[in-house]
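Taking it in order: structure first as structure tokens, then the write-up.
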Amino acid sequence: GGDAGGDAVPPQQFDDFQGADAGIFAGGDYDEDDREADQIWEQIDEHMDSRRRDQREANMKQELEKYRKNNPKITEQFADLKRKLETVSYEEWDAIPDIGDYTIKNKKRNATFTAPAPDTLLQKAMAEKATSNTAGPSGMDTPSGGGVTDLTAIGEGRGTMLGLKLDRLSDSVSGQTVVDPKGYLTDLKSLKISSEAEISDIKKARLLLKSVISTNPKHAPGWIAAARLEELAGKLQAARSFIQKGCDACPKSEDVWIEAARLNTPENARAILARGVVSLPQSVKIWMQAAQLETEEDKKRRVLRKALENIPNSVRLWKAVVDLSSEDDARVLLSRAVECCPQHVDLWLALARLESYDQARKVLNNARVTLPTEPAIWITAAKLEEANGNKAIVGKIVERAVKSLQANGVDIDRDYWLKEAETAEKNDPPAACVCQEVVRVTIGVGVEDEDRERTWTADADECRKRGSVMTARHIFSHALSVYPGSEGLWKLAAELEKSTGHPDLMDALLKRAVQYCPQAEVLWLMAAKERWLQKDVPGAREVLEEAFVANPDSENIWLAAFKLEFENAEPERARILLQKIRERGASDRVWMKSAIVEREMGDIAAQRALLEEGLEKYPAFWKLWIMLGQLEESLGNLEAARVAYAKGGRRGHT
């Protein structure tokens, strides 16, 4: 008892982490300094852990997402299919076929078991069919003891191999062979060699489709799928057999008849489609397929006309028969077509294109009454008038079109009308008047007043990018009629004409521009430069003279006139112009150009005088100092050149 009491550990020496064994510190006291040290170390550990915590958590999250992506749950794999079940109707639920009874119990009950023959039976059969290889008692023994060939065994071996090949080619769904008895060798050569996986997939698909068509024989897609599976497996006869059964089971499905025609030869396909139109006389697809099978246009037209007797309101059939007919026949057919299908604008427009001018106007008027909300009729009427020389009423037609459409509750879509303007531009020949009037009437529809200039500029730029230069030109023309004082619009319009390579149009445009914006130096300079580029120097002088009158104090115009004279070898005219500019109080650039002219003319004294006078007025203009230094250097006055360069360096940085 005393030993036990001596081994007991006092409660104050027990540590929750280390227990009763605290090492060399077992006898020490845990004071406030120790607690503070532990807190500091805990803070350090926590800080070190937090430094990489974000990266570690991101890596863990990425690994978790990768694992979930590679190993999705069953519920996640079929989540999208479950959501689609919301859209399944009651009829579709009822059409789902009931699965057959494929339980193991029934399989065992209906299965036929076969067992291998025993060896004794095989030996007995061989003994019965064996042939003797010994000679009779006639004394004609064979010394070598050679055997006799067993022809019966060879024939049986060949029959077994042929039977295996034929069984492999047999139809596992219907149980009937699809091999031609007379040409089975050809079939064997053309047999597609498939992998074991493909063969297994085909067998599974056969079983599935067999279940589909047996449980729901009225389901046309099941028959089509079964036929296409056999076609994929290389068994065309089986495919035809399946699709024929599908036609019998689903005579009201046009897809089955079309698939049957596709799988058969053209002669058989015609007979199949003939049966199809009897079952479905209102099927446009079957009639069109029947027409496509015909190789002669007369027979195609005959089929299509027969189809129209059953389906007179089919636009597709009318278009097909019109495309195959001559112009006179097409006119008669379209006259009947608009009576049967009055709500289709394409038929009205096609008829109007085939009629004469007067008859076309009547056709379009009737179309407008029948379809009062169709803008294409009005646009076609405007093109008709322009094509016949009645350009004066094109604008009125477009204006009436917009008012009539708005009265019938149609919203005017300016983008649609601008595209129609581009279409009119690209007609052959271009309908320029229609393009212009459509832009004029509809460009401002739905655009606020404060946004018109910006919107129209953007419209013109988009048309230019699409190659519709005429439409862009008419947009700028209309915008300039509303904002004639906009220098930016005139400049953009001039750039458009310059990019299209029409100098006459650009010159006429700039003449109008300077009349509305006489203070715009850029427009005057563009007009003068355009004349100069066309080798019309007198015309450029005339433009600049008019610019002097409108802008007498414009140094840019004076310098443009100087450049024109100087570039055309008229130095005296250039000198006079520069002198007039200097008298008006020219800038440092004018003094520099004046000195350059004198240098080109070789008048050193005049050049020095102009440089010295220019430096008195503009001592900080370093280019004049450089020109003065170059002058002194050319004369051999190196010291004077150094002084000029030094002064230029000091003055140029002040």
Side-chain angles (χ1 to χ4, degrees), residues 372-376 378-379 381-383 386 391-426 431-500 505-506 508-524 526-527 550-551:
T373 61
E374 184 55 57
W378 292 95
I379 296 173
K383 292 179 181 179
E386 181 178 1
K391 297 182 179 180
I393 63 174
V394 171
K396 296 180 180 179
I397 292 175
V398 178
E399 292 175 356
R400 285 182 56 200
V402 173
K403 293 179 181 179
S404 176
L405 292 171
Q406 288 177 340
N408 286 278
V410 179
D411 293 332
I412 303 301
D413 185 1
R414 59 187 301 275
D415 293 333
Y416 167 81
W417 285 89
L418 287 179
K419 283 185 171 54
E420 289 296 331
E422 295 183 48
T423 304
E425 174 185 351
K426 295 175 182 178
C433 188
V434 174
C435 177
Q436 179 181 0
E437 294 300 330
V438 167
V439 170
R440 179 183 65 83
V441 176
T442 63
I443 190 67
V445 176
V447 182
E448 300 293 337
D449 292 344
E450 60 270 15
D451 298 332
R452 287 193 298 182
E453 183 176 356
R454 176 179 55 81
T455 303
W456 293 343
T457 303
D459 292 337
D461 186 58
E462 290 297 326
C463 292
R464 180 187 60 80
K465 290 179 180 178
R466 291 193 292 267
S468 303
V469 179
M470 183 185 297
T471 307
R473 183 182 295 124
H474 290 316
I475 292 175
F476 275 128
S477 176
H478 179 75
L480 289 171
S481 65
V482 179
Y483 301 102
S486 176
E487 179 182 344
L489 279 177
W490 286 108
K491 185 177 179 182
L492 290 174
E495 291 175 353
L496 173 67
E497 299 299 343
K498 185 176 182 180
S499 64
T500 57
L505 295 176
M506 184 176 179
L509 179 71
L510 290 173
K511 281 184 178 180
R512 292 175 52 214
V514 295
Q515 291 176 0
Y516 286 104
C517 303
Q519 306 302 320
E521 298 177 1
V522 176
L523 298 178
W524 287 107
M526 290 177 68
N551 302 275

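Any value given below was found using the heavy atoms of this structure, including those in side chains, with hydrogens, waters and symmetry copies removed. Residues take their numbers from the sequence shown, with the count starting at 1.
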Carboxylate-amine/guanidinium contact Asp415 Lys419, below 4.0 Å: no

Short side-chain to backbone donor-acceptor contact, Ser477 and His474, under 3.5 Å: no

Exam field: side chain Thr442 to backbone Val438, donor-acceptor pair closer than 3.5 Å: yes

Closest contact, heavy atoms only, Cys517 versus Trp524: O-NE1, 4.4 Å

Nearest heavy-atom neighbours spanning Ser486 and Glu453: OG-OE2, 2.9 Å

Neighbour count above 12 (heavy atom, 6.0 Å) for Asp451 CG: yes

Ion pair Glu448/Arg454, N-O distance below 4.0 Å: no

Any donor-acceptor pair under 3.5 Å from Trp378 side chain to Val398 backbone: no

Minimal non-hydrogen separation, Ala381 against Ile397, with atom names: O-CD1, 4.1 Å

N/O donor-acceptor pair under 3.5 Å between Glu487 side chain and Ala520 backbone: no

Polar side-chain atom of Trp490 near backbone of Gly485 as donor-acceptor pair, under 3.5 Å: no

Lys/Arg-Asp/Glu bridge criterion (N-O < 4.0 Å) met for Lys396, Glu437: no

Glu386 side-chain N/O to Val434 backbone N/O, donor-acceptor pair under 3.5 Å: yes

